[in-house]
Amino acid sequence: ISNGFNISISDSGAFSGEKYIVLKHSTGKNIIPATFYQQVDANFYKNKKVKFEAMVRVGTGWNSPVLFISAKNKNNINLTS
């Protein structure tokens with residue numbers, strides 16, 4: 001839990017065989033902005049073609065789902081513009 005937000009993994013209501021992150025505030029209220037950050041070690045994918053897919057869905061009362069993606073090199077320099 002961080003800043004009152006609970007994070008969990010669920011497969012309830014997801015596409016068949018898929019899982020997703022649930023980010024909810026502990027008060028049950030729609031507190032915004034809420035941010036989930038995930039970092040992946042991409043050494044395995046070096047010099048390979050990669051396909052990334054993501055879906056963003058928001059609960060009722062929210063009308064601005066956003067997905068940001070960035071890539072950084074080994075020196076932590078941003079490769080995306």
Between Asp11 and Lys19, what is the shortest heavy-atom contact and its length?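 Minimum heavy-atom separation between Asp11 and Lys19: CB-CG, 4.1 Å.
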Going by side-chain hydrogen bond (donor to acceptor under 3.5 Å, both in side chains), name the residues that satisfy it together with Asn75, two or more places apart in sequence or in a different chain. none
Looking at residues at least two apart in the chain, or sitting in another chain, which of them share a side chain to side chain contact (heavy atoms under 4.5 Å, CB included) with Tyr45? Ala42, Val50
